[in-house]
Every structure is written in C-alpha cells, then in structure tokens.
Amino acid sequence: MEYNFREIEDKWQRYWRENKSYKSEIANDKKKYYVLDMFPYPSGVGLHVGHPLGYIASDIVSRYKKLRGFNVLHPMGYDAFGLPAEQYAIQTGQHPKITTEQNIARYREQLDRIGFCFDWSREIRTCEPEYYKWTQWVFIKLFNSWFNCETKKAESIDELIAVFSTKGFNCSEPQYLTGDIEKAVAPFSSDEWNAKSEMEKSDILLNFRLAYLSNAMVNWCPALGTVLANDEVKDGVSERGGFPVEKKIMKQWSLRITAYADRLLTDLDDLDWPDSVKEAQRNWIGKSEGTSIRFEGIVDDFNNESEYPLSINSGTSRNEKEFKDHRYSDPKSYSQLKSFAIQNKKNPTEAENALWEALRNKNTGFKFRRQYPISKYIPDLVCLDPKLVIEVDGEIHLSKDQKENDANKSVELNFYGFEILRFSNSQVLNDIDNVVLIITNKLNSLKNNSPSPLERGLGGEARTLGENKITNDRINQDSSEDVNYRHHTNMASPQPSPEERELNENYSKSNSKQFSIEVFTTRPDTIFGVSFVALAPEHELVNIITSAEYRSAVQEYVNASSKKSERERQTEVKKVSGQFTGAYVSHPFTGAKIPVWIGEYVLVGYGTGAVMAVPGHDQRDYLFAKHFNLPIQEVVRGGDLAHEAYVAKEGVLVNSDFLNGLDVKAAVKKAIGEIEKRGIGKGQVNYRLRDAAFGRQRYWGEPIPIFYEDGIPKTISESDLPLVLPEIDKFQPTESGEPPLARAEDWKYKGKFNYETTTMPGWAGSSWYFLRYMDSNNEKEFVSKEAVNYWQQVDFYLGGAEHATGHLLYVRFWTKFLFDLKLIPCKEPAKKLINQGMIQGVSAFVYRINGTNNFVSDGLKNQYETTALHVDISIAPNHILDTEKFKLWREDFKNAEFILEGDQYKCGAEVEKMSKSKYNVVNPDDIIEEYGADTLRLYEMFLGPLEQSKPWSTQGISGVHNFLRRAWRLFQIENGACKLSDETPSAAELKVLHKTIKKVEDDVERFSFNTTISAFMICLNELSDLKCNKRQILEPFTILLSPYAPHFAEELWSLLGYKESITKANFPIWKEEYLVENEFEYPISINGKVKFKINLSLQLSKEEVEKNVMSSEELGKFMQGTPKKIIVVPGRIVNIVV
RNA sequence: GCCCGGGUGGUGGAAUUGGUAGACACGCAGGACUUAAAAUCCUGUGGCCUUACAGCUGUACGGGUUCGACUCCCGUCCCGGGUACCA
C-alpha cells in the first residue's frame, strides 16, 4: 500500500479535533511545560510559507515534551487590533471587526491543515471585550500605581496620597529619587497638600502614576493621523506604511516604563534569550552613568538690554520673516502701536471680553492673543498658528470709510498669511456658541490644509496642541498670553499689574544674565579639557542668555533647525553646525571664561540638553571645535589630537590640576568627589529609554478606561469593565480633528462624563497575553491564582527578531509590574526565547523595453533600456516565463512580444521579503496539496537552522518527501496492517536505533531540527541496508518521528495495532549498552595530516595504542626514523610529529 | 560610525569540548530495471594533477597560538540584523 498523505492527514486532523486530543488542563502531579508562539496579526493576505516555520518548530517541541511526560500548554490566538483592518475600514466602510473575523477564519483554516497541536479551547483574540476587559483592568492598575525608587517596586497610589496628606512631599527623599520628579513637582507640606484643589492634586499625582497624561514630545504621523511609539518609527518614517513622522508636543497618555529601566536591564542577565535580543534591549535602554555639573554664567559680559525679545515662534511660511521684520521695522510706530494695544487691552469692549473668555474656556485647542500688533494694525484677537485674525466690530464698521479701511487691512493681513473672520458685537453677545464653533472649524480647516507646522516645544511652552479635548482644557490653563509681548507692555504701562510686575522681574533677571547651565557628562575626568559648552537649539536658556550682538544669528539658527523635519535632521547627522550665543560661563575649577554655543548635535531630550564639550576626548566635540576653530586641549594622554579625538577610557590625566597623573578610572572618581564636595553637581544615571506613548488617535484598539470629571481624568470602576468599543458610523477622525471615538456622541460614563477618546496601541494586548492563555475563559479574574501558580511563565517562546525592542520590552515591563502587585509569581514572561529566521521570497522579473510592449530575456537585457517588472512566480516556474500565461496575466500585457534567449524567456531573480506586492508569495496550501503537511513540516525544518533567514525554494523538497515514502515502505503494509517481524533485533539494528534516539533527543533539546531530520534519514538508510523489519526497532522509530510528521506517525501507529493516539506513547530511552564500540578506526596523522587508518580496540591504553601504531606496517611508508613526539587521543586520533 | 551575528562544494547545509572538513539532502553524471518513459534501485561527485595508485591543495583574505585550527587570538574585506549625534 502506498503512502497516501491526503487521506491520512484528513483522517488524523479530524480525529484530533473530534477527540480534543490537545486540550490541556492543570495537573498538579505532572511537570508543566509552556510553549508559546508569538501570536499572529491576521492580515488579509493569509499565511505564507514563512509563518509556519516557527509554529512547526514549537509544535515539535510541544509534542516532544508531551512524549517526555510533561503537561504541555501550547496555545494560539490572534493579535487582532491593528492598523490594516482600520485603514481598510476607512477606505471601504467595512467594520474592522468583520475584516478581522474573515482573516482569522482563513488563518485558522490554513493552520489546521498543517496539523498543529494547539489547544484551541484557549484561543484568545485581543479585540474581544472578554479579553480586552483585562487589558483595561491592567491599565487601571497602572494608573493607580506609582514607582517607589527606594523599594524599586510599583506601589499603590493611595499609599502615596496618604503620605502626602500626612507628611507632604520632598523630592530629596529616597523613594522619589528619580530624574524628573525634582523638576516637575515642587516640595509641599501636608497642609499645603490638603489645601490643594482636586485638579491640582490630580496634576501632581500624574507625575507619579505609571499610566499618566502629560505634555510629551511624540512621534506624530499625519498620514496615519496618529502618534507612534519610538519602536514603531524607523528612519523617520512609520514602520507600517512608511509615512513621514514628525515630532510634536501633545497631551498624551504614556506608560512610565522608564521607572523599570534598571530592572529591565539587570534582569536580562539571567534570561536564556539570544544575545542579539539582549544586546538590542541593553542598547535601547541605554544606561549611562555620569555626573551633572553646573556651570555658572558670567555676569560681567552684560550687554545693553536687547531691543527686541527673541521670538520663540519658529516660522514655517515664507511670510514669517517678512512679518517679523515688518512688525518691528519702525520702532517709533511700534511703541505707539504698543501703547494703543495696552490701552485697548485694558478697556476691552463687552463683546471682545465675552469672546476672549469663551475661547479660553471652550477647549478649542488653539491659543489666542488679545490686541496683538501685526504690521500697523492691532486686531482684536489673533491666533498665530494657524494664522487667523478675529475682529469684533462695533457699529462704526458699517460706515463706508471703515469698510474701505477694513478691506485694506484684510489685504495687508493676508499678505502676512493671516485669514480674517469678522463678527458683529451682537453676534458675539447673542450667539457666542455659534461664533466659537465657526472659529474652531475655520482654524481646523486651516490647520489641516497648511503644511504641518513644526511645533517644537521651547522652554516647556505648549502651543496649539492637538485635537484632544482634555488636552486643550489643560493647556489653556497654563498657557497665558504672549509673554514676550508683555515685557514691552510693561515699559509703557504707568502702573503695572501684579501679574505684569512678575513678568517684568523675570525679564530683567534674564537680562542681568544670572544663569547657570547644567550639563551631563560620563567623563567628569576630562573637566579640564572643556573648551566650550553647547546647548541644544531648543534649550530654554538660549533665549535668555543670548547677547544682543548674536541675537539675530541665534534666532536664525534656532529657526532653521526647528524647521527641519526629524528625517532631515537624521540624514544630516555628522554635518557640523552651530552658533555662538555671545554668552560665557566660568569653569568651575579654573574660573576660565568658556563660550556657550548652540549646536544641533546636542539633543534636548537627553540628559540636560546641554554638554560640556571636551574636543580632545569626544569625537563630536572635536569636529565641532575644528569647524569653528575652538581650542582642543589634551587632558588624557594616549591619542593623537592632530587627527581625531582620543575617546578611549584609558590613559593618564595631564593638564588637569588635581587630577594630573591619575588614570581615567581614578580621575573619574576623584572628579566626582570634588564636584560633589563643591556642590556643583552630583553623580547621576541617565537612560536613553523614553516613556512609551500609549494613546492612539484610532478606532480599532482598546478604549482607554478613563473618563473626565471637571477636566480631571479618572478611571472607570472595575465593575464597569469592559468599556466596550462603541459603534460609530465612520472610522475617520472627526471634522475638527478629534479621534474617531469622538463620533460616538451618546457614549458617556454614567450618562454624563466624557470618555477618553484615544485608544490603546497595538502592543497593549500583547503585553500580557501569555498570562491569559493560562486561564483564558475566566470571567472573574485576568488569570486565576491556581492557573498562574501552576503554569508560572513561558518555558519556550518563539517568534521574530523584529520584536526585540518593542513587544519583548513591553511584555517584560507589564510582567514586572504585575509581579510587583503580587498578582503573578514570575518577574519575567519567558525563560527561553528563540527567534526564527525569516523565509524570504525569490521574486521573478521581466524586462520591458522602455516605451514598448516588448520584453527582453534576462541575459540580453543590457542591450536595451529596460524597466524591470515583478512577475508572478506562479507563471514563471524555475524562472522560465510561461509567455502565454503572462499575456493573460494582466490586460496590458495582452499584446506583449518577447525577445528570447535560445527558445526561452529567462526571468531575472532576486531575494526579497515575501510580499503580495512583489508577487513572490508561496502559500503553504499549495505545498500541502502537492506533498502533504508532513512533508511541509519536515522540509521547513530541514531547510537549515531555525534562527537563520533563508530564501524559500522548493529545490530539495522531493528529498524529504522521498524520505517519508521510503520510511513507509519499511513498514511493509499489506491489507491494513504492518507485516513486521517480532524477532529480537540484532546488535547492529539496536545500535542504529539507539544512536538515533540519542541524537534526536540531543538535537531537540538544543533546537537543532535540521540535523534531526538528517538523523532520521541516516537511520532509515542504515535500517534499509540492514533490511530491518523488526517491530522492536520500527515502533520506537515511529515515536521518534511523531513530533515531526504527526499524521504519518499516527497512521503507522494505528497500523501497528495501537488503539490510542501516538501522543500518549512514551519517548524511547536510549541505552549506553547498545552504543558501546569495541573498536575504533584510528586516523593516524603525521604532522597534523591524516595519512592512514588502523583498527584498534578501544580498551587499549594510550601507551598500547602508541605501540600498535609504531609497529604498524603502513607507518613505514610515511616516515623513517624516530618521531619527535606522539600524541594519542583515545577514541579520537593519533598524531605523530617528525 | 558603534553593537550583535555570519562568510564552508554547483545548491541548502553538517562538523555539539581545538582532534578524520564537506554528514544529510538537492542537483549533476554514469549504470540497472523498462519497448520507452515515469517510479525505484545502484555507483560516482570540493579543486588541481593522474589511465591508475598516489600526491598536492582546500572552510572570505593576511598573520599568529598549537602536536593538531572551520573552531582560539590579532588585522583586513564582504554580507545580514540592530542602532544612530545618548554627552
């Protein structure tokens, strides 16, 4: 009977399904083993041959562990929230849920055909409320926790509140010792805390919560209409879709992963994960230990007060500069204008005042200024970004003269890029809501049409923040009218208000140049080599310290750098640019005058946004100094400063006062000591890791379980979970630019409070899913104590290397958090991790001669001007094009003509990622159709080491298919039974079997599946040579094979007479006694080169072996005389040195 | 640039601790069976030289350590992945 894979595979797949063969349950008397695959995002394309690679490997491990008596958990599910389904919904209107379900159905069908032993009763889908209820639940836990820096653990926020209300807060206490708290929250006493408003308390607590809302610099992707996490951005474009990404300040939900930076780093050491992943995470966390050092500004360089403040607006339009020039071009008229403005502001009309108040309170998301001079006009209200002037007119505007005047004004304001909206007094007073709506809509449409303005934050000032209602609410509170403008109002104002007086003080403070710059350095030892201090262009001090002389140059530089997109900045890396500010600081030890520069190479987001530049020992500082001709001082001996900086952390200090003669290590220590002693800085640790943006302006994700009461974010009650994604009619953002969820109008908590309208990012659901599988149908808990205590953590986790710094960092973070809350017993999600390699596709190309419909074969293409086009690999088997099929393939190729090579059209070939658009996708279904699932499984494993990437090719698939057919024949099947001998096997047969058992066991334990398949083939070859037909040999062989070719093995097992599934069998045990060799054919080498071989007993001692070799006949052929030395390695080799 | 992998026949790859390089498979060549083909089976297959025996050479390249190196060390080149002015 022939091997009929179709029949066999159908039969057993049905059997496994009907008997629930792979259902797993807690069994306290059995050891557990948890095998997890990274679950797939069900895309519309379906599975290609690359997907199953990892699943096959993990399936083999699962089945093997089952045979070894382990209670195996091997679940599967779907990461079902995501952008593609939503993009499809936007284009077609089809609900993402439907798309997702269809895709899942197809995935399931394909997965089932490969014969996996997944326990489908535990299936999860991250997009289902039963699942995301618990994702939301974890979010609430994060919101209600803070990170205690002393215990290094997450703790309840209620405990913190209790401390605040009894002891107050002081940032120098050890539990708060983290970089940012100090700057964000001022110390307060318990009385002060208790006196604070609810809003103030909420604001303060947000600085502690692990899930928090803050103004953050985010990666904004306009094309996707959403923010992205750092790991979702590659080279300045979105990872999905490749759309440009820009930096933007936004009110944004974030998770405080940085609190866990140190634990995420140190716990890596104990993980059995690939070095590359661990290394990538180390770099991503980017810990650097160093020192902060304060440089005091030099006051004696005081220049006259600069006439105009530096505008903090970074312009983007071509009118901007003209606007500025014009605005200030005539000081005389300017001061006149100014005094008008001040008077107007002091005496606003009733309507002006009403509109001003309404705009401030209505969360428009835009910032307005009152009585702001532009050119020679003072409009009532101005929004600078986007540019809009709002005029509230009294009746006087109805006169003819005034109409003309208004027209002129419009022309001029338009020139400066402003649009104008006019309202009458009565309109404003009677229908204020409508007026505000008109203004908001106008601003939104202006904003969406204009090239996206770059909104770099400067000195913490927040402007024109996004579409989020809450955001604006909160921003309007801390953003006031134009600060710079008010400096001037003060000059003309006879009696400044208290508010104005305060601003005035700030202003004069900045002009007296009492400032200090704090830098962060990992090389405090090189402090005597400092030749300048460099600030990031966005550094808050830039505005304050720049001297009048350099003001315009600095302004220009700051503007130029703020205009650059993230991408431009990245591509310009290594180009030296910078600008002197005119300011100086003094060296903390020598008192030397050190110039302060600004340079793009200094990043505002890292450290303090300022560096002490030591050109002798930092390559970037070196290039900067060379370019601007600044001094380069050697302070560590060892390099050649004529050519490059000496950056190595070894050598002896020179030119360094009290550090002279020390080596770098000692000098670092001493310098830190001295710095701390003088109170000018302290040891500090910085991380590159940023907090993770957690809100997406998207529909197809978990709703964030937050509502707003009086603008204060609060979590919904746990008993109200899940917060179900509301149905909406369209999936686009709203007309005013809010996230799609804002379309759900009746969607309110307790019928009155607005919900948060952003949703969670794609990685939320995958950050804890390994726990849910342990108890996926539990309605009461995210996972029961019993389940999690039994299954603990993943023993073997398999997935793509692309998740190294995204998913794998987030899942570790959530695991540690849940561990801190004592909800789970393990602090890491997975003990062992392996990355499977990618299977690439081999694309085929045809070459169209430009401007014609003629196609030239690969070898002749250089004779023409051609364009390469992807062609579907199914119509070009072995890269020979089927020209008739090609003509039918696409309408425009109907009349194609071909220039052949010989009588064939040869296609070009290239290895690329497997993708639908490249027409190089190989579908596993086709392989299964032709060869069967077992052949596919064996072949994918036989292709090479699991971790290695390789192009798909079916060359060689016949090898493994043949193996199965030959193995089948060995079992001598006739009339539905194996005709095997019950005789006792020979020693040779036993040796073959036990050698194979040992090899298969060793290999699977080290995840080397390709060599296991070879071992099977060798075993089969040897058994065939021995003409073995012994049941005692072939039964264990079947068990060995069953994890790899399960259908095949099940069928043979039943033909051997067993009624139970082979999965219930025991893995055979190899016995040393069958493997012992008596003789070994020693290779005899002379000077390391093997010359001949001698058969000798393995029982012989070294000396006896040597004697045997030396007396052998053959030796004479290769050497004469006495050898210098003889090395005998028993059981290995003999080497003779002559 | 830096960090982590990797480079072995015509091809995929093997060599687990420094001990016979090229297992296993594909492909190719020759043969058996067959009227023929398919299927199956057998033999050969790194390169050079040779009728053969043998010999020489050979794991990206150059050097080193060692009785012995694909394996360890130093330098160079190339490929893949990560990261990107992180002070």
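Numbers restart at 1 for each chain; the letters A, B, ... are given by sequence-line order, proteins then strands.
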Look at A:R688 and B:A84 and indicate whether a side-chain polar atom (N or O) is within less than 4.0 Å of OP1 or OP2.
-> yes
Can you tell me, in whole Å, how much space there is between the P of B:C74 and that of B:C4?
-> 12 Å
Calculate the interatomic distance between A:Q836 atom CD and B:G80 atom P; express it in whole Å.
-> 20 Å
Please collect all salt bridge (charged side-chain N to carboxylate O under 4.0 Å, His left out) contacts where either partner lies in residues 1002-1011 of chain A, sequence neighbours excluded, each pair once.
-> A:K65-A:E1005, A:K998-A:D1002, A:K999-A:D1003, A:D1003-A:R1006
What residues, two or more places apart in sequence or in another chain, satisfy side chain to side chain donor-acceptor pair (under 3.5 Å) together with A:Q840?
-> none
Would you say the side chains of A:S577 and A:Y557 form a donor-acceptor pair under 3.5 Å?
-> yes
For atom CD of A:Q281 and atom C1' of B:C86, their distance in whole Å | 18 Å
Considering only the C1' atoms, how many Å lie between B:G80 and B:A54, rounded to the nearest integer?
-> 43 Å
A:Y64-A:T1012 side chain donor-acceptor pair, cut-off 3.5 Å | no
For the side chain of A:S1014, starting at C-beta, report the closest nucleotide among B:A39, B:A23, B:U83.
-> B:A23
With rounding to whole Å, what would you report as the distance between B:G10 and B:U59 at their P atoms?
-> 13 Å
Check every strand shown and say whether A:N962 touches a base, only sugar-phosphate, or nothing at a heavy-atom separation below 4.0 Å.
-> sugar-phosphate
Should B:G63 be called syn or anti, with syn set as within 90° of 0?
-> anti
Could you check whether A:F942 gets within reach of a base, just the sugar-phosphate, or nothing at all, counting any heavy atom under 4.0 Å?
-> base
Parallel, tilted or perpendicular, as decided by the 30° and 60° cut-offs, for the rings of A:Y3 and A:H961 = tilted
Counterpart residues, side-chain contact (heavy atoms from CB on, under 4.5 Å), relative to A:D618 (two or more places apart) | A:R620, A:D621
From CA spacing to verdict: side chain to side chain contact (heavy atoms under 4.5 Å, CB included), A:F1016, A:L1020 | CA-CA 6 Å; A:F1016 287 137; A:L1020 172 65; over 6 Å; no
From the options B:A87, B:U40, B:A84, select the nucleotide whose nearest atom is closest to the side chain of A:R969.
-> B:U40
Nearest-nucleotide comparison on RNA chain B, the residue closer to the 5′ end among A:S949 and A:G609 = A:S949
Phosphate-side-chain proximity, A:K1125 and B:C67, N/O vs OP1/OP2 below 4.0 Å | yes
Closest listed nucleotide, where the reference is the side chain of A:K1091 and the choices are B:G13, B:C56, B:C24 | B:C56
Using ring pair (Phe, Tyr, Trp, His ring centres under 6.0 Å) as the criterion, list what pairs up with A:Y810, not counting sequence neighbours.
-> A:W763
Side chain of A:N1021 (C-beta onward), nearest among B:U40, B:C24, B:C4 = B:C24
Atom pair distance, as rounded to whole Å: CD in A:Q955 and P in B:U11 = 11 Å
Looking only at side-chain N and O atoms, does A:R620 come under 4.0 Å of OP1 or OP2 in B:G1?
-> no
Would you indicate which nucleotide in B:U83, B:A25, B:C85 comes nearest to any side-chain atom of A:L603?
-> B:C85
Nearest-Å distance for atom pair CD1/P, residues A:I1126 and B:G68 | 15 Å
Between A:S958 and A:M612, which is nearer to the 5' end of RNA chain B once each is assigned its nearest nucleotide?
-> A:S958
In whole angstrom, give the distance that lies between atom OH of A:Y646 and atom P of B:A87.
-> 18 Å
Could you work out the separation of B:A15 and B:U50 based on their P atoms and round it to a whole Å?
-> 36 Å
Watson-Crick and G-U pairing of RNA chain B written in dot-bracket, each distance under 3.5 angstrom, with | for inter-strand partners = (((((((..(((......[....)))((((((.......))))))(((......)))..(((((..]....))))))))))))....
Nearest-angstrom distance from the residue atom CD1 of A:I957 to P of B:G27 | 12 Å
No-hydrogen, no-angle side-chain donor-acceptor test under 3.5 Å, A:S1085 and A:N1135 | yes
Nearest-angstrom distance, P atom, B:G46 to B:A25 = 15 Å
A:K995 NZ to B:C24 P, straight-line distance once rounded to whole Å = 10 Å
Encode nucleotides 14-20 of chain B as B, S and - characters from 5' to 3', where the letter depends on protein heavy atoms closer than 4.0 Å: B to the base, S only to sugar-phosphate, - to neither.
-> SSB--BB
Aromatic rings A:F1080 and A:Y1082: how do their planes relate, parallel, tilted or perpendicular, breaks at 30° and 60°?
-> perpendicular
With a 4.0 Å cut-off on heavy atoms, is A:N686 in touch with a base, just the backbone sugar-phosphate, or nothing at all?
-> nothing
Starting at atom CG of A:N835, determine the distance to atom P of B:G6, rounded to an integer number of angstrom.
-> 14 Å
With under 30° as parallel and over 60° as perpendicular, where do the rings of A:F624 and A:F532 fit, or are they tilted in between?
-> parallel
Just compare B:A23, B:A25, B:U83 and give me whichever is closest to any side-chain atom of A:I1018.
-> B:A23
Say you pick atom C1' in B:C86 and the same atom in B:G6; how far apart are they, in whole Å?
-> 28 Å
Rounded distance in Å between the P positions of B:G55 and B:U66 | 28 Å
Selection from B:A84, B:C41, B:C67 that lies nearest to any side-chain heavy atom of A:V1137 = B:C67
Side chains of A:N283 and A:R688, donor plus acceptor under 3.5 Å = no
Nearest-angstrom distance, C1' atom, B:A21 to B:G75 | 25 Å
